[in-house]
Amino acid sequence: MKHWTGNAGRRCSGASLFLCHSCFSAPSHVGHFGKMAAAKRKRGSEAAGERKTKKEKRTENEGEEGNTDTERGGGSTEITVPPPVSVGKWKNKERVLVFSSRGINFRTRHLMQDLKTMMPHSKADTKMDRKDKLFVVNEVCEIKNCNKCIFFEAKKNMDLYMWVSNVPHGPSAKFLVQNVHTLAELKMTGNCLKGSRPLLSFDPKFDKEPHYALLKELFTQTFSTPQYHPKSQPFVDHVFTFTIADKRIWFRNYQIIEEDASLVEIGPRFVLNLIKIFQGSFGGPTLYENPHFQSPNMCRRIMRMAKAARQKERQMVKEIRLEKRKEVKEVLTEDVTDDVFVTPAEEKPKEVEHEAPRPSKSKKKKKLKLTELKKRTLLKRKGLR
């Protein structure tokens, strides 16, 4: 290591890691280290001064730009921040869990995605195993901090059921989902802002019967976006319509056009066929059972039976035709209808010829005459005669 002495300005070299005696002998040496520290401070202060100068330059440039803006804008230097669009407190903490069981097809998956995009207050979860019972859904909703649930249950890779439930105390409703058409499939002209709050339009029939009134309240709490939700937009530009026709609930999504308040369909669209309404969440005593509901298995069985009946009828017609062909035809010896068109002819008097008939002119002579004339004409044309 190299060391400096205080006043002499000579270097002292020490072989060891410790400083030599001369480094600690004079107090001036301590002063030298103080100078070094002051120099470092000076360097640091210079760097800070340079930084300050950079900051000052930036502020000067900003001040010049501000002056130019004030000259253009008439002397106003205040920067106004626009207030937020929706000022309010999020009080309605409705959260909807949207997920499904395993075994769904691509159309159901796209329908779930469309519902999630339409409902900003929704949450997603992984698919539930088929072996698990439906009461497990209540626990999943509790973990996800959700108080409403839309659960899609697939069976036989062809039937789709939808549960809409108020977790954890109920009620809950089970539907058969039919005629599903997703957003990507329809390609409608309507469009709306993502996260905007929808209007809910219900058919007047929902107020006439008690089970429809219960479903109306359940749909209202599930599909309506809470006010001042963080993920929602404070605009109303589309409508969810629930109409009752053919003893089923038809769902449609329409855009509201600002100019004339007309409606243009956006999608998706599907039909809900009510099966049962339960008192609890995903179970419990049955409050209502649809008497007009036919299970998909029963519908398929009726179609198979009708098809089998048509096939059996064709087979019977074919057997009757073959039996007719095999029957021995009876040979009729006398036909009764033979004498229907027989009419008696007039009797002619019988004449006896006593003289021989005259000989008729032969046709051979005429043929010979014709051939002779043809020969003569040919010879004249050739100039031989």
If you define the side chain from C-beta out and look only at heavy atoms, does anything of [X] sit under 4.5 Å from [Y]?
X: Lys276; Y: Tyr288; result: no
X: Glu94; Y: Asn147; result: yes
X: Phe293; Y: Phe175; result: no
X: Arg300; Y: Met158; result: yes
X: Ser196; Y: His238; result: yes
X: Met112; Y: Ser100; result: yes
X: Gln178; Y: Asn273; result: yes
X: Phe240; Y: Arg252; result: no

With a cut-off of 3.5 Å and sequence neighbours excluded, list every side-chain donor-acceptor pair involving residues 132-146.
from	atom 1	to	atom 2	distance (Å)
Asn138	OD1	Ser281	OG	2.7
Asn138	ND2	Ser281	O	3.4

Are [X] and [Y] linked by a side-chain donor-acceptor pair shorter than 3.5 Å?
X: Gln221; Y: Glu217; answer: yes
X: Ser295; Y: Asn297; answer: no
X: Thr182; Y: Asp114; answer: no

Distance, nearest 0.5 Å, that separates [atom1] of [X] from [atom2] of [Y]:
X: Leu287; Y: Leu214; atom1: CG; atom2: CG; result: 7.0 Å
X: Met119; Y: Lys148; atom1: CE; atom2: NZ; result: 10.5 Å
X: Gln315; Y: Ile320; atom1: CD; atom2: CD1; result: 11.0 Å
X: Leu274; Y: Asn290; atom1: CG; atom2: CG; result: 5.5 Å
X: Met162; Y: Phe152; atom1: CE; atom2: CZ; result: 5.5 Å
X: Glu209; Y: His211; atom1: CD; atom2: NE2; result: 4.5 Å

Enclosure of Lys93 NZ (heavy-atom neighbours >12, cutoff 6.0 Å):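 Buried by this count: over 12 neighbours within 6.0 Å.
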
Are the side chain of [X] and the backbone N or O of [Y] linked by a donor-acceptor pair below 3.5 Å?
X: His121; Y: Thr222; result: yes
X: Thr117; Y: Gln113; result: yes
X: Trp90; Y: Asn92; result: yes
X: Asn166; Y: Ser172; result: no
X: Ser232; Y: Gly195; result: no
X: Arg248; Y: Asp246; result: yes

Nearest heavy-atom neighbours spanning [X] and [Y]:
X: Leu218; Y: Pro171; answer: CD1-O, 4.2 Å
X: Gly190; Y: Gln255; answer: CA-OE1, 3.3 Å
X: Pro296; Y: Asp159; answer: CB-OD1, 3.5 Å
X: Gly267; Y: Met118; answer: O-SD, 4.2 Å
X: Asn157; Y: Gly103; answer: OD1-O, 3.3 Å
X: Pro198; Y: Thr225; answer: CD-OG1, 3.5 Å

Honestly curious: do [X] and [Y] fall in one hydrophobic cluster under the side-chain, below-4.5 Å linking rule?
X: Val98; Y: Val180; value: yes
X: Val271; Y: Met188; value: no
X: Leu115; Y: Ile104; value: yes
X: Trp163; Y: Val177; value: no
X: Leu200; Y: Ile150; value: yes

Centroid-centroid under 6.0 Å between Phe223 and Phe242 rings: yes

Given Val164, Ile249, Thr220, Leu272, the one that forms side-chain contact (heavy atoms from CB on, under 4.5 Å) with Leu215: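 One option only clears the test, and that one is Ile249.
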
Evaluation steps, side chain to side chain contact (heavy atoms under 4.5 Å, CB included), between Val239 and Asn253: CA-CA 6 Å; Val239 187; Asn253 181 20; 5.9 Å; no

Worked verdict on Leu263 versus Ile256 for side chain to side chain contact (heavy atoms under 4.5 Å, CB included): CA-CA 5 Å; Leu263 300 178; Ile256 304 170; 4.0 Å; yes

Candidate pair Met298 and Arg301, rule side chain to side chain contact (heavy atoms under 4.5 Å, CB included), full reasoning: CA-CA 5 Å; Met298 184 62 70; Arg301 182 171 174 271; 4.1 Å; yes

Lys216 bridged to Asp207 by N-O distance under 4.0 Å: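 The answer is yes: the pair qualifies as a salt bridge.
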
Side-chain ion pair, Arg130 and Glu153, N-O less than 4.0 Å: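 Salt bridge: no.
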
Cationic tip of Lys127 above Phe99 ring, under 6.0 Å, 45° of axis: no

Six-ring centre of Phe278, Lys174 cation under 6.0 angstrom, axis tolerance 45°: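 No cation-pi geometry.
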
Worked check of side chain to side chain contact (heavy atoms under 4.5 Å, CB included) between Ser101 and Phe151: CA-CA 8 Å; Ser101 65; Phe151 177 67; 3.9 Å; yes

Ring geometry between Phe206 and Phe219 (parallel below 30°, tilted from 30 to 60°, perpendicular above 60°):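 Perpendicular.
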
Residues which pass side chain to side chain donor-acceptor pair (under 3.5 Å) with Ser122, listed by chain and number, not counting sequence neighbours: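 Once residues adjacent in sequence are excluded, Ser122 has no partner under the side chain to side chain donor-acceptor pair (under 3.5 Å) criterion.
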
